[in-house]
Amino acid sequence: MPDEKHVREFLERVVADNAAAFAGVSTSLGVRLGLYEAMRGAGELTARQLAERTGLVERYVREWLAAQVAGEYVLHDAAADTYTLPDAHAAVLADSSVPTYVAGGFRMLAALYGAEDALAHAYRHGGGVNWRDYGPELAEAVAAFFKPGYEAVLVQEWLPALKGVEDKLRRGATVADVGCGFGHSTVLMAKAFPRSRLRGFDFHEPSVEAARKLAESEGVGDRVTFEVAGAHEFPGDAYDLVTFFDCLHDLGDPGAALRRTEKALADDGSVLVVEPNASGEPGENINPIGRSFASTSAVLCLPAALAQNGPHALGNHPGQEALAGIAAEAGLRSWRLAVETPTNRVYDVKR
């Protein structure tokens, strides 16, 4: 018989997880409908005032606020019947310009839960779930999730940590951003290094279209182009820098992508590989960040890779040795950890 105390403790934990899962939908709605943004810096608001600010139905807003109070995301003054989003909470939920913003990740939930039938079929019969099968909102949500972190560290920390790369970019380099998605990483580099020319590649046409619009709106359309292309066949050569931002592990054949990269590099070119900071050993991921990555891998990263019918299906936590081994087979034998953050490991890779 199981120990009653341990059963009770585990039950409490699972109930808390269940509550968080239900609450995630409300959080996603708060992001989607601009509720957190409307509360940011506004001080105390009544439900009616918040409804007026957002153009939403007051009765729904009041119920949403009750859920936010229950999760201690929002504070409630019972006497005045007002609600406040503390500044510290706004930095996480409402301000996408700061690196602490993570609310964009909640927008992935609709796509992931919506793909449950397809995932169940894959788990039973094999095969994968194609990125496109998750619905159009997934790409936008992924972009929103990664954007604040890239804005905070890509130009300031990651690129300077690569040997000799920052100087090349300042003088004017050619860059290929493989798996560019909505183009946030590409545009950030273009804005920081106006003498460089950048090409973004992604197999997902709607993402490429969004990236083109971003480049024009940010005024870098004269030095950035975006094209639909697979990671194993992107065009061009003599690149000073090729980048893979949180996408190499999603490929069914990362080896083919790295072989193409090795051929496309200039003689002294570099490869920037950004991967989740998660361990290949499951027991080392017993923490909130590790759990988040491992859970996402089970329902997105692994199924998407398997859908490509390649020789690899790494998941997002294969470990450094596995990635470095694939790179070495592709002719990229210099593999160095350049930067490590709580969420990412950044590798400087060369021939």
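- Counting only heavy atoms from C-beta outward, the side chains of Y36 and T27 approach each other to under 4.5 Å.
- The two atoms that bring V346 and L272 nearest to each other are CG1-CD1, 3.2 Å, heavy atoms only.
- Taken together through direct or relayed side-chain contacts under 4.5 Å among Ile, Leu, Val, Met, Phe, Trp and Tyr, V274 and V175 form part of one hydrophobic cluster.
- By the neighbour-count criterion of 12 heavy atoms within 6.0 Å, atom CD of E281 is densely surrounded, having more than that number from other residues, nucleotides or ligands.
- In this structure a side-chain-to-backbone donor-acceptor pair under 3.5 Å is present from T261 to A257.
- Considering only heavy atoms from C-beta on, L138 comes within 4.5 Å of L300 through its side chain.
- A313 and L306 make their closest contact through CB-CD2, 3.5 Å (heavy atoms, listed as atom of the first residue, atom of the second, distance).
- Taking a cutoff of 4.0 Å between a charged side-chain nitrogen and a carboxylate oxygen, R291 and D17 qualify as a salt bridge.
- At least one side-chain heavy atom of F193 sits less than 4.5 Å from a side-chain heavy atom of R170.
- For an aromatic pair to be called close, the ring centres must be under 6.0 Å apart, and F245 with F146 fails this.
- Tracing side-chain contacts under 4.5 Å through hydrophobic residues (I, L, V, M, F, W, Y), one reaches F145 starting from Y134; they form part of the same cluster.
- Side-chain polar atoms of T243 and D177 form a donor-acceptor pair below 3.5 angstrom.
- Atom CG of residue L323 and atom CG of residue L258 lie 8.5 Å apart, to the nearest 0.5 angstrom.
- Residues L159 and L154 meet the side-chain proximity criterion, which asks for heavy atoms closer than 4.5 Å.
- If you check the side chains of Y150 and D246, you find a donor sitting under 3.5 Å from an acceptor.
- Looking at heavy atoms from C-beta onward, P318 lies out of side-chain contact with H312 at the 4.5 angstrom threshold.
- Interatomic distance, OG of S96 versus CD of E151, reported as 7.5 Å (0.5 Å rounding).
- Note on ring orientation: taking the six-membered ring where Trp is involved, the planes of H121 and H125 are tilted (angle from 30° to 60°).
- For the atom pair E209 CD and H204 NE2, the distance stands at 9.5 Å (nearest 0.5 Å).
- Counting heavy atoms from C-beta on, the side chains of R223 and S196 never come closer than 4.5 Å.
- Residues H89 and V74 fail the side-chain proximity criterion, which asks for heavy atoms closer than 4.5 Å.
- Expressed to the nearest 0.5 Å, how far CZ of R48 lies from OG1 of T82 amounts to 15.0 Å.
- Screening D250, V129, N130 against P303 for a side-chain contact (heavy atoms from CB on, under 4.5 Å) leaves a single residue, V129.
- Classified by interplanar angle (parallel below 30°, tilted 30° to 60°, perpendicular above 60°), the ring pair Y83/H76 is parallel.
- A 6.0 Å sphere centred on CD of Q156 holds more than 12 heavy atoms belonging to other residues, nucleotides or ligands.
- Note on R351 versus E262: salt bridge recorded, some NZ/NE/NH1/NH2 to OD/OE distance being below 4.0 Å.
- The closest side-chain heavy-atom distance from N277 to P342 is not below 4.5 Å.
- Relative orientation of the F234 and Y239 rings is tilted, given thresholds of 30° and 60° on the angle between their planes.
- The OG atom of S279 sits 11.0 Å away from atom CD of Q320, with the distance rounded to the nearest 0.5 Å.
- With 3.5 Å as the limit, one finds a donor-acceptor pair spanning the side chains of S28 and R107.
- Residue-environment remark: CZ (R195) stays at or below the threshold of 12 foreign heavy atoms within 6.0 Å.
- Shown here is D267, whose CG atom has no more than 12 heavy atoms of other residues, nucleotides or ligands within 6.0 Å.
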